[in-house]
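FYI, side chains are in, hydrogens and waters are out, and symmetry mates aren't considered; it's all heavy atoms of this structure. Residue numbers begin at 1 in each chain, while the letters A, B, ... track the order of the sequences.
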Amino acid sequence: MKAFELVEPATIDDAIALLDAGDPGVRAVAGGSALVPMMKARLFQPTRLVSLRRIGGALRGIHAGDGGLRIGALATLTELEHSTRVRDAAPVMSRALRTLSNVRIRNVATLGGHLAHGDPHMDLPPILLTLGARVRVAGRGGERWIDINDLFLGYYQTAVAAGELITEVHVSAQPHDARTWYEKFTALSADDWPTVGAAVWYRTAGDRIGEARVAVSAATERPVRIAAAEQILTGAAPSAETFGAAADAAAAAVDPLADIRGSAAYKREMVRVHVRRALEKAR
Amino acid sequence: MTHQRTLSFTLNGRPVTATARTHETILEVLQRDFGLFGARESCGQGLCGCCTLLVNGTAVSGCLYLAAFADGAELVTVEGLARGGTQHPIQCAFVEKSGFQCGFCTPGMILMTKELLGRHPRPTDEQIRHYLSGNLCRCATYPDIIESVRRAAELV
Ligand SMILES: Cc1cc2nc3c(=O)[nH]c(=O)nc-3n(C[C@H](O)[C@H](O)[C@H](O)COP(=O)(O)OP(=O)(O)OC[C@H]3O[C@@H](n4cnc5c(N)ncnc54)[C@H](O)[C@@H]3O)c2cc1C
Ligand code: FES
Ligand code: FES
């Protein structure tokens with residue numbers, strides 16, 4: 001790594017002023033668990049890092065209310081893993097956190113960094129796409145909310161602009177009858193990054209599926225909702241045939257990237273298998 | 001200078017200061033300025049746990065932890081566990097059950113065990129595996145390590 005300027009502002013406003021420098025070498029750093037490996041590999045050589053660790057208050061905490069969960073951007077993945085509020089409101093998140101990386105990384109990694117990085121292999125984005133979420137962003141021009149469906153633009157690209165900070169993540173309140181599941185498929189070691197992440201969410205109305213959401217990540221260049229699969233599920237009986245047809249639609253819809261975890265053709269098949277399994281396991 | 005920092009932190013119970021450049025990891029500072037090699041770099045990517053140290057009581061990968069972030073923190077390395085020449089009960093358990101061969105991974109295994117027992121004083125095997133799944137042992141002494149952690153839970 002090369003030397004750079006490190007600043008540790010105490011307020012969000014000061015952080016934004018320091019970030020807004022019109023220089024791609026200027027970035028925020030939270031846990032550093034995604035950024036430091038990139039710096040070590042010289043994929044990113046900062047001129048200035050703006051550390052968020054001295055900013056308290058608004059960026060911390062996990063709150064539950066009628067509207068759902070409000071999670072500060074600096075909440076660590078360990079805090080989320082052990083939070084009873086998260087377990088009650090979104091058990092699918094708690095389960096996924098157990099196999100997300102390892103204890104040491106979860107101890108430092110933050111939800112804000114997890115989402116801002118735009119890495120398609122992250123485990124929580126597909127889950128949040130199915131649960132429904134909004135991300136609160138602060139910049140020089142003030143604040144705005146980004147719907148999770150509009151956050152992930154491409155490979156390591158998000159709608160968070162340079163000079164903006166994620167301050168909070170709001171996970172929608174879940175209807176009591178929503179069924180959810182996240183199926184993480186690892187092709188290398190058991191707790192590797194996912195080769196395919198498949199998240200599903202559906203509700204039944206009578207003996208039919210009323211509303212359905214399906215999201216796939218890791219195999220694709222960004223986490224994506226699969227409209228074709230959702231259409232097949234909506235209004236159909238929650239049967240093996242329906243789930244198989246939805247999984248086929250997901251496999252046909254994705255555009256997988258080949259890498260060390262598998263070829264594009266292999267990943268397409270794994271999308272088929274794991275979307276089907278996620279639908280079968282949803283509870 | 002913002003490229004270099006004077007850091008004050010507690011190291012194994014002792015208040016210390018060190019000067020570090022912004023791009024240095026805490027591992028580099030512990031080895032260069034304090035001669036502590038218990039936390040050692042192996043994968044350098046957060047995967048193996050050989051570089052584990054405790055910062056404010058929680059385990060982190062020293063290979064990814066910027067030294068500047070240690071300012072104001074309490075750091076514990078494996079060297080800080082023994083008390084007046086007496087080994088920590090977790091260390092005793094690893095010796096008793098031979099939870100190592102070459103010993104390269106052992107400091108990380110011991111510190112992860114400390115974090116585990118802090119949260120789960122009577123851990124199940126499942127909890128032991130969950131906490132240690134991010135610590136790799138090239139000698140593959142895993143069964144003995146799990147045996148050591150079980151014993152440590154009795155001794156602590
Ligand atoms: C060994 C290893 C294994 C891993 N395995 C997995 C896995 O299996 N599954 C998985 O999902 N993830 C995995 N991860 C990735 C991990 O989830 C991320 O590294 C982590 O979530 C990033 O959070 P951070 O706070 O450390 O981010 P940082 O590294 O601090 O920052 C990441 C990016 O986000 C930006 N940023 C940070 N905070 C904010 C903010 N509040 N507003 C705007 N921008 C911000 C930074 O500028 C940077 O570009 C793994 C990581 C490691 C090192
Ligand atoms: S050297 Fe840090 S985790 Fe492997
Ligand atoms: S004892 Fe040799 S690496 Fe674990």
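Contacts from residues 98-107 of chain A to chain B, taken as heavy-atom pairs separated by less than 4.5 Å, involve A/Arg98, A/Asn102, A/Val103, A/Arg104, A/Ile105, A/Arg106, A/Asn107 in sequence order. Contacts from residues 185-196 of chain A to chain B, taken as heavy-atom pairs separated by less than 4.5 Å, involve A/Asp191 in sequence order. For a heavy-atom cut-off of 4.5 Å, chain B lies close to no residue in residues 87-96 of chain A.
No part of B/Asn56 comes within reach of chain A, as not one of its non-hydrogen atoms sits under 4.5 angstrom from that chain. Contacts between B/Leu116 and chain A at a heavy-atom distance below 4.5 Å are absent for every atom of the residue. Heavy atoms of B/Phe69 lying under 4.5 Å from chain A belong to its backbone as well as its side chain. With a threshold of 4.5 angstrom between heavy atoms, B/Cys43 does not approach chain A through any atom at all. B/Leu66 touches chain A through its side chain: at least one heavy atom from C-beta onward sits under 4.5 Å away, while N, CA, C and O do not.
The two residues A/Leu6 and B/Ala68 make their nearest non-hydrogen contact at CD2-CB, 3.3 Å.
Side-chain N or O atoms of A/Lys40 include none that pairs as donor or acceptor with a backbone N or O of B/Gln45 at under 3.5 Å. Side-chain atoms of B/Thr22 come within 3.5 Å of backbone atoms of A/Phe4 as a donor-acceptor pair (strictly under, hydrogens ignored).
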Ignoring hydrogens and angles, write down the donor-acceptor pairs under 3.5 Å from the side chains of residues 83-90 of chain B, residues two or more places apart or on other chains.
residue : atom : partner : partner atom : Å
B/Arg83 : NH1  : B/Gly80 : O            : 3.3
B/Thr86 : OG1  : B/Arg83 : O            : 3.4
B/His88 : ND1  : B/Ile90 : N            : 3.0

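Taking chain B as the reference chain and counting heavy-atom pairs below 4.5 Å, the highest number among A/Pro37, A/Ala41, A/Ala3, A/Gly32 is found for A/Ala3.
Here B/Gln4 contributes atom CD and A/Glu5 contributes atom CD; the two are 14.0 Å apart, rounded to the nearest 0.5 Å.
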